[in-house]
Amino acid sequence: MKKVFKNSYNIVYVNCHKTAIQLGFKINKEDIGTGIIKFKIGASLWSFGENFVVQISEMKNETVVEVSSEGKVGLQIYDWGKNKENIEQFFETITEQLSK
C-alpha cells in the first residue's frame with residue numbers, strides 16, 4: 001500500500017520513525033539514502049510477529065511512502081488481518097503527525 005505526502009523527504013523520513021516508535025515497532029535496519037526502513041513487530045495473539053518495511057521516495061514536490069507487512073514465520077498461513085491492520089495504523093498515525 002502506498003500514500004503520497006506533500007511534505008519533504010526528510011520530514012517524512014523522521015515521522016516514519018516517530019510513527020513506528022509510537023506503534024511499538026522496533027527498528028531492524030535503515031538506510032536514509034535508499035529510503036528503506038525495516039521494522040520488527042512482536043508476536044501477538046494473532047501472529048508470530050511481522051516484518052514491516054517502509055520505502056520512502058521523493059517525486060517532484062511530493063514524498064511517496066510505500067509500506068508492506070508480512071509474517072515473520074513462513075509457516076503462518078493466515079494472519080487474521082494483522083498485516084493490513086498494521087499498515088492502516090501506520091498510515092493513520094503518520095498522516096496525523098504530518099498534519100500538525
Side-chain angles (χ1 to χ4, degrees):
M1 180 182 277
K2 68 170 96 172
K3 188 163 183 167
V4 178
F5 295 97
K6 299 286 183 192
N7 307 79
S8 74
Y9 178 90
N10 288 337
I11 289 172
V12 172
Y13 191 92
V14 167
N15 278 278
C16 283
H17 274 268
K18 288 180 182 178
T19 296
I21 290 166
Q22 184 176 339
L23 295 174
F25 301 175
K26 295 190 179 1
I27 296 171
N28 184 32
K29 198 180 235 185
E30 69 175 308
D31 184 347
I32 194 166
T34 62
I36 296 175
I37 310 172
K38 295 181 179 183
F39 300 97
K40 289 186 178 185
I41 302 170
S44 70
L45 188 61
W46 304 109
S47 78
F48 296 115
E50 293 86 37
N51 293 316
F52 194 87
V53 179
V54 177
Q55 171 69 60
I56 306 161
S57 54
E58 198 169 25
M59 298 182 75
K60 297 186 183 182
N61 296 330
E62 300 174 329
T63 304
V64 178
V65 176
E66 190 167 356
V67 174
S68 64
S69 180
E70 60 183 36
K72 283 184 189 176
V73 179
L75 300 174
Q76 184 173 337
I77 297 169
Y78 191 71
D79 73 354
W80 304 97
K82 187 63 179 151
N83 290 314
K84 182 179 178 189
E85 181 183 320
N86 289 336
I87 293 170
E88 288 173 351
Q89 284 182 329
F90 182 84
F91 278 127
E92 282 176 25
T93 306
I94 194 168
T95 300
E96 182 181 303
Q97 285 182 3
L98 290 171
S99 68
K100 292 179 183 178

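Taking both residues in full, the closest heavy atoms of S69 and N86 are given as OG-ND2, 3.5 Å, listed atom of the first, atom of the second, then distance. Between I94 and F5, the shortest heavy-atom contact is CG2-CZ, 3.7 Å.
Both V4 and M59 belong to a common hydrophobic cluster when Ile, Leu, Val, Met, Phe, Trp and Tyr are linked at side-chain heavy-atom distances under 4.5 angstrom.
Residue pairs meeting the ring pair (Phe, Tyr, Trp, His ring centres under 6.0 Å) criterion with at least one member in residues 19-41, sequence neighbours excluded, are F25-F52. Sequence neighbours left out, not one pair with a member in residues 15-24 passes salt bridge (charged side-chain N to carboxylate O under 4.0 Å, His left out). For residues 86-100, the salt bridge (charged side-chain N to carboxylate O under 4.0 Å, His left out) pairs, not counting sequence neighbours, are K84-E88. Pairs of residues two or more places apart, or lying in two chains, that qualify as salt bridge (charged side-chain N to carboxylate O under 4.0 Å, His left out) and include a residue from residues 54-64 are K6-E62.
Applying the 4.5 Å side-chain rule to ILVMFWY residues, one finds I36 in the same cluster as V53.
In this structure the side chain of E66 never reaches within 4.5 angstrom of the side chain of V54, judged on heavy atoms.
Scored by the side-chain contact (heavy atoms from CB on, under 4.5 Å) test, S57 finds V64 as partners (sequence neighbours excluded). Every residue was checked against the side-chain hydrogen bond (donor to acceptor under 3.5 Å, both in side chains) condition with S68, not counting sequence neighbours, and none meets it. Partners of T63 by side-chain hydrogen bond (donor to acceptor under 3.5 Å, both in side chains), not counting sequence neighbours: none found. In this view, K38 satisfies the side-chain hydrogen bond (donor to acceptor under 3.5 Å, both in side chains) rule with no residue, not counting sequence neighbours.
Here CD of Q22 is found 5.5 Å from OG1 of T93. Values are rounded to the nearest 0.5 Å.
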Output a table of donor-acceptor pairs, distance under 3.5 Å, between side-chain atoms of residues 7-14 and any protein atom two or more places apart or on a different chain; print 'none' if there are none.
unit_1	atom_1	unit_2	atom_2	d
S8	OG	I11	N	3.3
Y9	OH	I32	O	2.6
Y9	OH	G35	N	3.3
Y13	OH	E30	OE1	2.7
Y13	OH	I32	N	3.4

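N61 CG: 12 or fewer foreign heavy atoms inside a 6.0 Å radius.
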